[in-house]
Protein chains: 2
Amino acid sequence: MAGTQGQKGGATIYSVAERAGVSIATVSRVLQGSDKVSAKTRQRVMTAVEELRYMPLGAARSLAVRHHEAHGLLLPELSGPYYSELLMGFESRAAELGQSVVLMLAEGKDDVGRAVRSLATRVDGIALLASAAIPDSVPETLAGSKPVVVIAGEAKPDVEAITTENAASAKALTAHVLAHGRRRLVFAGDPDSGPDIRDRYAGFVAAHEDLRLTAAAPVRTDLRESAGAELADRVLAGELTTDALVCANDELALAVMKRLRQGGRTVPDDLAVVGWDDVMTARYVEPGLTTVRQPVRELGALAAERLHARITSADIVDETQVLPTQLVLRASCGCTPDPLA
Amino acid sequence: MAGTQGQKGGATIYSVAERAGVSIATVSRVLQGSDKVSAKTRQRVMTAVEELRYMPLGAARSLAVRHHEAHGLLLPELSGPYYSELLMGFESRAAELGQSVVLMLAEGKDDVGRAVRSLATRVDGIALLASAAIPDSVPETLAGSKPVVVIAGEAKPDVEAITTENAASAKALTAHVLAHGRRRLVFAGDPDSGPDIRDRYAGFVAAHEDLRLTAAAPVRTDLRESAGAELADRVLAGELTTDALVCANDELALAVMKRLRQGGRTVPDDLAVVGWDDVMTARYVEPGLTTVRQPVRELGALAAERLHARITSADIVDETQVLPTQLVLRASCGCTPDPLA
DNA sequence: CTGTTAGCGCCTTCAA
DNA sequence: TTGAAGGCGCTAACAG
């Protein structure tokens, strides 16, 4: 006879049962869509539910069924299209699987570890993006107590990884630039900031090796616009000699291009510039930015899917799944622009 | 003596208590950071917690404290910087308030109403963006049973609204274009798609009225890139005569500009184009896009804040709060570009 | 400072 | 087809 009132906190299963003149078990059955309830009883219950505007309490259900029915997703931040696409793919697939998504951003949190521990308290599993903003200790601590999937990262014991292809396409991209006759390529981005950029640099190096060339050391920079301007300034000042900049992402490449033009340099004639991600701006700028497109949305969906698989079964996948990427050739590398683009 | 084991589902407060040789109440106190626990007892408990890798079950806590400690956020989708910024602001502020955020996207859901009802099951309140993708019935149904805040929408009974300024800045923007001598302005966007675009069109009309001019009817179009190309095609084909296009957002404006240039028109000489949002691309294109910047991130933070206020107290705010926007003049309206920009 | 004891709202056998 | 009753794990009085 508990909680029959529920005036303050809303209706409960008890108040609905009372109103419909049935037991709470019957109400529960109706709400679960059980077929072992007579039509008229079902109707009475439904009526009571609507009259009382009954809304079950998720926490109570979770406690009883021993599932949160929620996926946690941890991202560094959300600027740029990459994270958004990823998130859209993740949310969409999670919803299809009947799971809600609890989002957490690392940016601005002084203690990400603590925040994640609290997140882990309310979800059945966590997907997270490998990134310098998210310490390695996070997945390590989580693994073993909760299912974990890392995106764009590396598998560890008890941690499944999924990613998009980096090394091969970076090699193809670099080879393409070399094929334009450039010989003083510079890679801009920090290989230590995460496995994806590390692999892109590896591809950069590999393309050089194929031609018996020696790749320059990477220019370690973050991927913000401001870093791009600084990088371009170094080129303009003659500190950095290069005829082709292979940037770790598009934002960096675009910022570099802009500042270079302001400084009087012509892309691609004086200097080729290529990026990674194929953001919207890449096809709006002049010249169009040559870059690599990743199936980011699919990556997000796959993350939700794999996480769910790990939660529901002990469906272990050993090899990290790799989604293919695609070279997008425009004019910034030296190609002739497609007049129809 | 329940759940002392917890081998499958992880440690529970009972197993921790048993291991530490104390009662569950003490464990609870330690975990809550109560100061009425002796240092040595606290230590014993903490040790047990770590050894058992104990992780409290959020659902159980929620049930006991009668709070989910979570905010729901419903957005149409996530493409473009607007939603991302909003979400970042929301998440950040919610986290500061100790609330996790459960995100739901309307896009792709055949029954948004049902989805939202299920969302309402697991959060203490819901913030949502007013949008055609989210039927009005949603906030209406929710109101009364859960605190609701609508973003960029209108207040209703039991529904608080917050928004950014639209009408006045749209008027200022339009007046600016008129001051360039243009007289055949066309507004592109659907005033019925939501209150914000409706208000922008209202500002567009008001600026005309100030000059005793008659504003043209809006060209109703959605805000996608493809719609921009179609719109530009109509101009190129001579179907639509205009000397200035006032677009409801930047993506539309940018797509229009691009196609116009491909068609041989010069912006702003042949045709001025202005947008709304100040997306990244707006300052990368040539000419730079004149637009209006909104404090989107602050808007998101405010949403979380107001929602929390409504959840914790019955802190009712009647007037809908309006955040100021800012005109960003670049060259696409006919202004002389700033050489330093 | 610590332990006992009720619930919180829902699900799920087990009987009837 | 329905009801009774016992948890799910945690918090919060209330005693000691």
Side-chain angles (χ1 to χ4, degrees), chain A residues 1-45 48-49 52 54-69 118 120-122 124 145, chain B residues 1-45 48-49 52 54-69 118 120-122 124 145:
Chain A
M1 192 54 72
T4 296
Q5 268 307 347
Q7 38 196 21
K8 175 56 181 5
T12 71
I13 199 171
Y14 289 96
S15 51
V16 172
E18 189 174 79
R19 173 128 192 168
V22 299
S23 74
I24 63 165
T26 299
V27 176
S28 181
R29 289 191 190 100
V30 170
L31 265 34
Q32 314 288 312
S34 160
D35 55 337
K36 353 180 119 211
V37 180
S38 75
K40 67 178 57 163
T41 304
R42 177 188 312 282
Q43 190 48 58
R44 296 241 306 286
V45 171
V49 163
L52 265 35
Y54 171 60
M55 207 169 264
L57 195 63
R61 173 182 167 80
S62 292
L63 185 55
V65 301
R66 306 163 76 80
H67 270 304
H68 295 282
E69 298 173 311
S118 129
T121 257
R122 27 180 60 260
D124 298 318
S145 41
Chain B
M1 193 53 74
T4 296
Q5 268 308 348
Q7 36 196 23
K8 177 53 178 13
T12 71
I13 199 172
Y14 289 94
S15 52
V16 173
E18 187 174 80
R19 175 128 189 168
V22 299
S23 74
I24 61 166
T26 298
V27 175
S28 182
R29 289 192 190 98
V30 170
L31 264 35
Q32 314 286 314
S34 159
D35 55 339
K36 359 180 110 206
V37 179
S38 76
K40 69 178 53 161
T41 303
R42 176 189 313 284
Q43 191 48 59
R44 295 240 308 285
V45 171
V49 163
L52 264 36
Y54 171 60
M55 206 167 265
L57 195 62
R61 173 182 165 80
S62 292
L63 185 56
V65 300
R66 307 165 73 83
H67 271 304
H68 295 284
E69 298 173 308
S118 128
T121 257
R122 26 180 60 261
D124 298 317
S145 41

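So that the names make sense, note that chain A is the first sequence line, chain B the second, and so on, each numbered from 1. Not measured: the values here are computed from a predicted model. These values consider heavy atoms only, across backbone and side chains, with no hydrogens, waters or symmetry-generated copies.
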(request) Please tell me which of the listed nucleotides, C:dT2, D:dT11, D:dC8, lies nearest to the side chain of A:Ala64? (result) D:dC8
(message) In this structure, how many angstroms lie between the P atom of D:dC10 and the CZ atom of A:Arg122, rounded?
(response) 14 Å
(request) Using only side-chain N and O atoms of B:Ser28, determine if any of them is under 4.0 Å from OP1 or OP2 of D:dC10. (result) no
(request) Could you tell me whether the phosphate oxygens of D:dG3, OP1 or OP2, come under 4.0 Å of any side-chain nitrogen or oxygen in A:Thr26? (result) yes
(message) For a quick test of reading the model, state the closest non-hydrogen atom pair linking A:Leu63 to B:Ala59 and the distance between them.
(response) N-CB, 3.9 Å
(message) Can you identify which nucleotide, out of C:dC1, C:dT13, D:dC10, has its nearest atom closest to the B:Tyr14 side chain?
(response) D:dC10
(request) Using a heavy-atom cut-off of under 4.0 Å over every strand shown, decide if B:Val27 touches base, sugar-phosphate, or nothing. (result) nothing
(message) B:Val27 vs B:Val22, test: side-chain contact (heavy atoms from CB on, under 4.5 Å). Steps then yes/no.
(response) CA-CA 7 Å; B:Val27 175; B:Val22 299; 3.8 Å; yes
(request) Would you mind reading off the distance between B:Ile13 atom CD1 and D:dC10 atom C1', rounded to a whole angstrom? (result) 6 Å
(request) Please figure out whether A:Ala25 or B:Val37 has its closest DNA chain C nucleotide nearer the 5' end. (result) B:Val37
(message) Nearest 0.5 angstrom please: B:Arg44 CZ to B:Ser38 OG, how far?
(response) 8.0 Å
(message) Can you tell me which nucleotide in D:dG3, C:dG9, D:dC10 comes closest to the side chain of B:Arg61?
(response) D:dC10
(request) Mind checking the CZ-OG spacing from B:Arg61 to B:Ser28? Nearest 0.5 Å is all I need. (result) 8.0 Å
(request) Go through C:dC14, D:dG9, C:dT5 for me and flag the one nearest to the B:Thr12 side chain. (result) D:dG9
(request) Taking B:Thr121 for its side chain and A:Pro56 for its backbone only, find out whether a donor-acceptor pair lies under 3.5 Å. (result) yes
(request) From the options D:dT2, C:dC11, D:dG9, select the nucleotide whose nearest atom is closest to the side chain of A:Gln32. (result) C:dC11
(request) Find the bend of the helix from C:dC1-D:dG16 to C:dA16-D:dT1 as the angle between its two terminal axes (five pairs each), to the nearest 10°. (result) 30°
(request) Using a 4.0 Å heavy-atom cut-off across all strands, classify B:Leu31 as base, sugar-phosphate, or nothing. (result) nothing
(request) Name the closest nucleotide to the B:Leu57 side chain, picking from D:dC10, C:dC11, D:dT2. (result) D:dC10
(message) Base, sugar-phosphate or nothing for B:Ser62? Non-hydrogen atoms, less than 4.0 Å.
(response) nothing
(request) Please work out if B:Ser38 contacts a base, only the sugar-phosphate, or nothing of the nucleic acid, heavy-atom cut-off 4.0 Å. (result) sugar-phosphate
(request) Report the distance from atom CD1 of A:Ile13 to atom CD of A:Glu18, rounding to the nearest 0.5 Å. (result) 13.0 Å
(request) When you get a sec, tell me which of C:dG9, C:dG7, C:dG3 is the closest nucleotide to the side chain of B:Ser23? (result) C:dG3
(request) Would you indicate which nucleotide in D:dG3, D:dA12, D:dG9 comes nearest to any side-chain atom of B:Val65? (result) D:dA12
(request) Tell me which nucleotide among D:dG9, C:dT2, C:dC14 gets nearest to the side chain of B:Leu63. (result) D:dG9
(request) When you get a sec, tell me which of D:dC8, D:dT11, C:dT12 is the closest nucleotide to the side chain of A:Arg66? (result) D:dC8
(message) Please check this pair: side chain of A:Arg42 against backbone of A:Ser34, looking for a donor-acceptor N/O pair closer than 3.5 Å.
(response) yes
